[in-house]
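Naming: A, B, ... by sequence-line order, numbering from 1 per chain.
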Amino acid sequence: MINTLNKIEVVTDFKHLQIREITDTGVYHRRTLSPNAILAEDEHQEVKDKAEELWTDEVKASWATFQAEQQAEMEAE
Amino acid sequence: MSGIIGGAGSKSGVIGETELDYETGVWTPTFDNMTLTPNSGGWVSGTYQKIDNLVIAMVHIMNATSTGSNSSTMFLPFTNGPKRGTVNGTTGYGAFSYDNTTGIVTENNNYVTFLSDVAGSGWVTASLRTTTSLYLHTLITYYI
C-alpha cells in the first residue's frame with residue numbers, strides 16, 4: 001500500500017470497514033470493505049487484523065441475508 | 001454568505017457565522033462481490049466533499065473491467081444518516097442489467113442500491129454487468 005493508513009471505522013451491524021488513508025500527495029482517500037471482500041496481499045496489516053477479528057461466518061451470513069432482504073424490500077416499493 | 005473553509009483535507013471553517021466541518025478527498029467506488037480494474041488509460045475513482053452533514057460523491061469509472069458476481073450495491077465514503085439519499089444522475093455505457101438506472105442510499109447504510117423503473121414490473125434492482133468495457137459516471141448526495 002502506497003497510501004498511509006489514517007483511520008479505520010467499523011460501521012453498520014455488518015462490520016464494514018470504512019477506511020481513510022492519506023495519499024502520497026497529501027489527499028484523503030476513502031474506501032469501504034464489506035465482510036465478503038477479498039483483501040489484497042498488500043493490504044494494511046491493521047486492516048487485515050480487524051477483518052480477521054470481526055468478519056466471522058455469522059457476520060458474513062448476516063450481511064448476505066440482509067442484502068437479499070433489502071433487494072426484496074426495494075422491489076416491493 | 002461568503003467565508004473560508006480551510007484547504008484540502010479535513011478542516012473546519014466558518015461561512016458567515018456558521019461553523020462547518022469540511023472534508024474533501026478521493027475514494028474508490030467498490031461494488032459488493034465485484035472487482036473493478038482500470039484498463040490501460042482508464043479510471044476507477046471517485047471524489048467526495050463532506051460539508052457538515054451533506055456528502056456529495058461522484059463516481060468516475062472510465063474504460064474499466066468488472067469481474068465477479070453482478071451486484072447492485074456500491075459502497076460510499078461515509079455512512080448515510082436516517083433519511084434516504086439519492087443518485088442524482090447516472091451515465092453509463094451498458095453498465096447495468098437495466099437501462100435508465102437510478103439509485104437510493106437507504107437509511108443508515110453505507111451504500112447505493114442501483115434501481116431501474118421497468119414498465120410493468122415497477123422497481124427492479126439493477127446489477128452492474130461484468131464487462132471489459134465499463135463506463136459509469138454518477139453523482140450521489142446524502143446527509144449523514
Discussion item. Distance alone, cut at 3.5 Å: any donor-acceptor contact between the side chains of B:D32 and A:S34?
Written reply: yes

Would one find more than 12 heavy atoms of other residues, nucleotides or ligands at under 6.0 Å from atom [atom1] of [X]?
| X | atom1 | value |
| --- | --- | --- |
| B:N100 | CG | no |
| B:Y93 | OH | no |
| A:Q45 | CD | yes |
| B:K83 | NZ | no |
| A:K15 | NZ | no |

Worksheet item: Closest heavy-atom contact between B:V26 and A:V27?
Response: N-CG1, 4.1 Å

Worksheet item: Which pair of non-hydrogen atoms, one from A:T32 and one from B:N110, has the smallest distance, and what is that distance?
Response: CG2-ND2, 3.5 Å

Hydrophobic clustering (ILVMFWY, side-chain heavy atoms < 4.5 Å, transitive) - are [Y] and [X] grouped together?
| X | Y | value |
| --- | --- | --- |
| B:V59 | B:V112 | yes |
| A:V47 | B:F75 | no |
| B:M74 | B:I144 | yes |

Discussion item. Applying side chain to side chain contact (heavy atoms under 4.5 Å, CB included) to B:N33 and A:N36, what does each step give before you reach the verdict?
Written reply: CA-CA 7 Å; B:N33 281 318; A:N36 50 16; 3.3 Å; yes

Practice prompt. Using non-hydrogen atoms and a 4.5 Å limit, figure out which bit of B:I104 sits close to chain A: side chain, backbone, both or neither.
Written response: side chain

Worksheet item: Can you say whether B:S45 sits under 4.5 Å from chain A via the side chain, the backbone, both, or neither, judging by heavy atoms?
Response: neither

Less than 4.5 Å apart, any side-chain heavy atom of [X] and any of [Y]?
| X | Y | value |
| --- | --- | --- |
| A:R30 | B:F78 | yes |
| B:Y48 | A:Y28 | yes |
| B:W27 | A:I19 | no |

Worksheet item: Where on A:Q70 is there a heavy atom nearer than 4.5 Å to chain B: the side chain, the backbone, both, or neither?
Response: side chain

Item to complete: Let me know if A:T12 has heavy atoms under 4.5 Å from chain B in its side chain, its backbone, both or neither.
Response: side chain

Worksheet item: Just one of B:T73, B:T113, B:T125 clears the side-chain hydrogen bond (donor to acceptor under 3.5 Å, both in side chains) bar with A:Q67, so which one?
Response: B:T73

